[in-house]
Amino acid sequence: MVRTWLPFVSYNLWLQFAPAVGQERWHCDMKRGFDRARKREPQVAELLAQDNIAQRIGILAQGGVYEFHKDPLMLYQRDAVQKVAEILQLSQESAIVRDRVISIVENYKNNPILFGKQIVKLSRGNEGFPEPIIMQHGNYKINLFAAIDCIFREEDQTLHILDFKTGKSDFDLRQAYVYLLTASYLYPQQKAVASFYNLETCKWSDNFSATPSQLKAIQAELIRIAQQHQKDLNRYRQNQSDFNQIFLPNPGTACLYCAFSSICQFSVSEVSI
Ligand code: SF4
C-alpha cells in the first residue's frame, strides 16, 4: 500500500518541544534541532548512535517481558533468567546494558505483573515504528505514532494500556494522554485507562483516564506541534544558517548530559547549581 507522506507527531516529539513538569532546566530546543533536522550529518549521526544506552535497555527489557509471556512456563523454570538472557543475546551487549537488563529480567521473574491478565497486545520491543493514526483538523492531516508496550483487559472489560519504564526518570502524564488518545482511535467506544510500571524499581503508577474534551484538547495540541515542527524543518532546509534562531539553545544545566555538547557552540561545561 502506498502511504501518503504526512507531518507527524509522537510523544517523543512533544517532549522535545516542551519539558515535563519539573524538568525545565534540562530542556533545550536545540537538541530537537540536532536530533530531527541534522540527524543525517555524520557527526550528529555518530553521537546519536552513542546515546542509545537507555533506549537499548528499554527495548531489551520489553523483550524480556515478552519472552515470559510468549511461554508462560518459562516463569517456573529455575534457569529462566539465563534462558531469556540467551534469547535476547545479552552476551553481545555492553556490560552496562547486559547487567541492567539481567537485573530487570530477574525482577520480572520475581514479580510477573501481567501473569493471569487477559493480554490484548504485548509488544516485543523491536517492532520498529507502529502503524500511524491519521488525525485531522479541517483539511490538515497528520500521522500520530504511538508505540504501546502492552494492553490488557481488566475484569470489568476496561482496556488497560501499560507503559514499561526503566531508569530513574519519572513518568509524564502527557504520555498517558497520548496513549489514551491512541486507544480512542484503535478501540472506539471502549473505556480505557493508562498506567506506567517501572521494571527496575517495580513501582506501578496510578491509573489515568481522560474525558472526551481532554482528548480533544490533546489532539489539538499534537496537531499544533506537528504543524510547528514541520514549519521549523522547512525553514531550516531553506536556510541552514538560521539553525540557532529556529532551535533555540538553552546553555546551562541542560548541557551537562547533552549528547551534542561536543559539537554545540553554545555548550557550557560548568554550571553553578
Ligand atoms: S550543548 Fe547545551 S545548548 Fe547545546 S544543544 Fe546541548 S543542551 Fe542545548
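As the structure is a prediction and not an experimental result, all values here were calculated from the model. One-based numbering, in listed order, for ligands and for the atoms of each.
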*Asks:* Run the side-chain hydrogen bond (donor to acceptor under 3.5 Å, both in side chains) test against Lys203 and tell me which residues pass, sequence neighbours left out.
*Replies:* none
*Asks:* Find the distance between CG (Leu60) and CZ (Arg124) and round it off to the nearest 0.5 Å.
*Replies:* 12.5 Å
*Asks:* Could you check whether Phe171 and Tyr197 have their ring centres less than 6.0 Å apart?
*Replies:* no
*Asks:* Checking Phe129 now: which residues fulfil ring-ring contact (aromatic ring centres under 6.0 Å, His included) with it, not counting sequence neighbours?
*Replies:* Phe145
*Asks:* Got a list of side-chain donor-acceptor pairs under 3.5 Å for residues 147-160, not counting sequence neighbours?
*Replies:*
| from | atom 1 | to | atom 2 | distance (Å) |
| --- | --- | --- | --- | --- |
| Asp149 | OD2 | Phe164 | N | 2.8 |
| Arg153 | NH1 | Gln157 | O | 3.4 |
| Arg153 | NH1 | Gln190 | OE1 | 3.0 |
| Glu154 | OE2 | His160 | ND1 | 2.6 |
| Asp156 | OD1 | Thr158 | N | 2.9 |
| Asp156 | OD1 | Thr158 | OG1 | 2.8 |
| Asp156 | OD2 | Thr158 | OG1 | 3.2 |
| His160 | NE2 | Ser195 | OG | 2.7 |

*Asks:* May I ask you to establish whether Arg174 and Tyr11 are in a cation-pi arrangement, using a distance under 6.0 Å from NZ or CZ to the six-membered ring centre and at most 45° from the ring axis?
*Replies:*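 Output no; distance or angle outside limits.
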*Asks:* Please report how many protein N/O/S atoms lie under 2.8 Å from atom 6 (Fe) of ligand 1.
*Replies:*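 Under the 2.8 Å cut-off, the count stands at 1.
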